[in-house]
Undergrad: 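Pasting a structure below so you can have a look.
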Amino acid sequence: MLRSVLRRSSTASASSLLRRGYSSESHPERKVAVLGAAGGIGQPLALLMKLNPLVSNLALYDIAGTPGVATDVSHVNTRSEVAGYMGEEQLGQALEGSDVVIIPAGVPRKPGMTRDDLFNINAGIVKSLCTAIAKYCPNALVNMISNPVNSTVPIAAEVFKKAGTYDEKKLFGVTTLDVVRAKTFFAGKAKVSVADVNIPVVGGHAGITILPLFSQATPKANFSDEDIQALTKRTQDGGTEVVEAKAGKGSATLSMAYAGAIFADACLKGLNGVPDVIECSFVQSSITELSFFASKVKLGKNGVEEVLGLGPLSDYEKQGLEALMPELKSSIEKGIEFANKS
Ligand SMILES: NC(=O)c1ccc[n+]([C@@H]2O[C@H](COP(=O)([O-])OP(=O)(O)OC[C@H]3O[C@@H](n4cnc5c(N)ncnc54)[C@H](O)[C@@H]3O)[C@@H](O)[C@H]2O)c1
Ligand SMILES: O=C(O)C[C@H](O)C(=O)O
């Protein structure tokens, strides 16, 4: 066994698991790998996945720092075994047997940057990680967090196509944070409990490509056009709001870890055959003329079971949809071109 690979067994007893309302025996074995696990998102996400009773094996991979993170997280009293993997030579081991691979690897924004400004660095990182996924766990569901999501997901698809492993049902751009934000901002304005709120967010994951559909929000709220426009703009700029507040110390990490954990949990539930698991995600799609698009997606035993349509849109949302198409199209094309030229 390589020196820096750590393995720690959970010490939680079956009775303590049962006291918390679940039993390890009632869920199948599921391995989740987090790539970029020592980062700002990776660490809290590792903790949240350690808390998830659907996970039996948690593989934490990064280019540095994972032995410490894995040892730390491994002491938490839940079912899963945690292993830390560091450096490219251990990536294969981290990935082997994974059911779900979550990718928050790469650089975050600083104030004044767009997500597309991250392309030059993150495109290469995502490409090499996806090459390894194709080799070591070609059947895993891939949850792409690394930005720019509008381009990194198409890059992943091209890498998998080249390797002959592409299955469009298994590749997801994680846009859950947009939904999380839309729900929080809506609930705050409507003065309702956020737990009762649901809002689809469609399109992509950058600026105007993020299109919250407040006309479909539940519960209904009687907002003016100005209110809806303000909520839409705040949702679209939610990432920038955090980047500016962090003033050079990165972008959303804690809320992203929360959102990433929600989405990975939905993927695991789908794999385990739980019915009617629906989340928004940026996936291969035919609901518009673009090859990738975020919308509500039904998750099942093989990943995407159904890409759901947009539903009825308000005139304001129809305008937003038209406005986002050129930018989203060019981000998708940029990813495809990058993956095929190098
Ligand atoms: N999809 C979303 O909604 C969303 C939300 C927030 C952040 N993000 C994106 O997530 C990414 C990570 O953000 P962060 O704040 O965690 O950044 P961070 O810099 O804190 O962490 C990134 C981690 O990735 C690691 N890394 C770099 N190259 C790697 C490689 N080749 N293999 C494995 N790990 C590697 C780094 O060592 C680091 O630990 C950024 O691209 C950011 O823009 C996306
Ligand atoms: O805004 C960013 O750069 C990070 C992320 O995409 C977010 O929406 O918070």
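All values below were derived from every heavy atom in this structure, side-chain atoms included, with hydrogens, water molecules and symmetry-related copies excluded. When a ligand or atom number is given, it counts from 1 through the structure's own listing order.
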Undergrad: Test N150 against R115 for side chain to side chain donor-acceptor pair (under 3.5 Å), laying out the working first.
TA: CA-CA 9 Å; N150 292 353; R115 291 176 182 82; over 6 Å; no
Undergrad: What protein heavy atom lies closest to atom 35 (C) of ligand 1? Include the residue and the distance to one decimal.
TA: A105 CB, 3.6 Å
Undergrad: Do Q43 and D72 have side chains that get closer than 4.5 Å, going by heavy atoms?
TA: no
Undergrad: Side chains of R30 and V55: does their closest heavy-atom pair fall under 4.5 Å?
TA: no
Undergrad: Distance-only, no hydrogens or angles: does the K162 side chain make a donor-acceptor pair with backbone N or O of T131 under 3.5 Å?
TA: no
Undergrad: With a cutoff of 4.0 Å, is G250 in contact with ligand 1, counting heavy atoms of the residue only?
TA: no
Undergrad: In the protein, what heavy atom is nearest to atom 6 (O) of ligand 2, and what distance, to one decimal place, separates them?
TA: H205 NE2, 2.5 Å
Undergrad: Does only the side chain of L129 get under 4.0 Å from ligand 1, or the backbone, or both, or neither? Count heavy atoms.
TA: side chain
Undergrad: Between F223 and F214, is the gap from one ring center to the other below 6.0 Å?
TA: no
Undergrad: Which of the numbered atoms in ligand 2 are under 4.0 angstrom from any heavy atom belonging to G239?
TA: 1 (O), 7 (C), 8 (O), 9 (O)
Undergrad: Does T152 reach the main-chain N or O of S146 with its side chain, forming a donor-acceptor pair under 3.5 Å?
TA: yes
Undergrad: Can you pull out the closest protein heavy atom to atom 8 (N) of ligand 1? Residue, atom name and distance to 0.1 Å, please.
TA: N147 ND2, 3.4 Å
Undergrad: Using a 4.0 Å cutoff against the non-hydrogen atoms of R109, which atoms of ligand 2 qualify?
TA: 1 (O), 2 (C), 3 (O)
Undergrad: Purely on distance, is any nitrogen or oxygen of L177 under 3.5 Å from one on ligand 1?
TA: no
Undergrad: Is E29 salt-bridged to R79, going by a charged N under 4.0 Å from an acidic O?
TA: yes
Undergrad: Any Lys/Arg nitrogen of E337 or K334 sitting under 4.0 Å from an Asp/Glu carboxylate oxygen of the other?
TA: no
Undergrad: So among P104, S281, C130, which one has a side-chain contact (heavy atoms from CB on, under 4.5 Å) with M144?
TA: C130
Undergrad: Determine whether a donor-acceptor pair (N or O, by modelled atom type, separation under 3.5 Å) exists between the side chain of T209 and the backbone of G203.
TA: no
Undergrad: What part of N147 sits under 4.0 Å from ligand 2 if we count only heavy atoms: the side chain, the backbone, both or neither?
TA: side chain
Undergrad: Counting each atom of ligand 1 from 1 as listed, which ones have a heavy atom of V149 under 4.0 Å away?
TA: 1 (N)
Undergrad: When you measure from atom 21 (O) of ligand 1 to every protein heavy atom, which one gives the shortest distance, and what is it?
TA: G39 CA, 3.3 Å
Undergrad: Less than 4.0 Å between a side-chain N and a carboxylate O, is that true for K318 and E322?
TA: no
Undergrad: Under 4.0 Å from any heavy atom of Y61, which atoms of ligand 1 are there?
TA: 32 (N), 33 (C)
Undergrad: Using a heavy-atom cut-off of under 4.0 Å, does the side chain or the backbone of H205 touch ligand 1, or both, or neither?
TA: side chain
Undergrad: Atoms of ligand 2 less than 4.0 Å from S251 heavy atoms?
TA: 2 (C), 3 (O), 4 (C)
Undergrad: Return the residue, atom name and 0.1 Å-rounded distance of the protein heavy atom closest to atom 19 (O) of ligand 1.
TA: P108 CD, 3.5 Å
Undergrad: Check each atom of ligand 2 against the heavy atoms of A252 and keep those under 4.0 Å away; list them by number with element.
TA: 9 (O)
Undergrad: Provide, to 0.1 Å, the distance between atom 37 (O) of ligand 1 and the closest protein heavy atom, together with that atom's residue and name.
TA: D62 OD1, 2.6 Å
Undergrad: May I ask whether L177 has any heavy atom positioned less than 4.0 angstrom from an atom of ligand 2?
TA: yes
Undergrad: Any N or O of D178 that comes nearer than 3.5 Å to an N or O of ligand 2?
TA: no
Undergrad: Are I103 and Y85 connected in the hydrophobic side-chain network, where two residues link if heavy atoms are under 4.5 Å apart?
TA: yes
Undergrad: Are the side chains of V307 and F293 in touch, meaning some heavy atoms are under 4.5 Å apart?
TA: no
Undergrad: Near K329 NZ, under 6.0 Å, is it more than 12 heavy atoms from other residues, nucleotides or ligands?
TA: no
Undergrad: For R181, is the nearest heavy atom under 4.0 Å from an atom of ligand 2?
TA: yes
Undergrad: Heavy atoms only: which of L45, I125, L118 lies closest to atom 29 (C) of ligand 1?
TA: I125
Undergrad: Nearest to atom 40 (C) of ligand 1, what protein heavy atom do you find, and at what distance?
TA: V107 O, 3.2 Å
Undergrad: Of the protein's non-hydrogen atoms, which lies at the shortest distance from atom 7 (C) of ligand 1, and what is that distance?
TA: I41 CD1, 3.3 Å
Undergrad: What residue and atom, counting heavy atoms only, is the protein's closest point to atom 44 (C) of ligand 1, and at what distance?
TA: I145 O, 3.0 Å
Undergrad: Would you say A252 touches ligand 1, if touching means a heavy atom closer than 4.0 Å?
TA: yes
Undergrad: Give the atoms of ligand 1, by number and element, whose distance to some non-hydrogen atom of G40 is under 4.0 Å.
TA: 16 (O), 18 (P), 20 (O), 21 (O)
Undergrad: I need the atoms of ligand 1 closer than 4.0 Å to a non-hydrogen atom of T253, numbered in the order shown.
TA: 15 (O)
Undergrad: G106 to ligand 1: N or O pair under 3.5 Å?
TA: yes
Undergrad: Keeping E241 on the side-chain end and D237 on the backbone end, is there a donor-acceptor pair under 3.5 Å?
TA: no
Undergrad: Taking everything shown except Y166 itself, do over 12 heavy atoms lie less than 6.0 Å from its OH?
TA: yes
Undergrad: Output yes when the distance from some N or O of ligand 1 to some N or O of N122 is under 3.5 Å, and no in every other case.
TA: yes
Undergrad: Using side-chain contact (heavy atoms from CB on, under 4.5 Å) as the criterion, point out the one residue from T176, V153, D178 that pairs with H205.
TA: D178
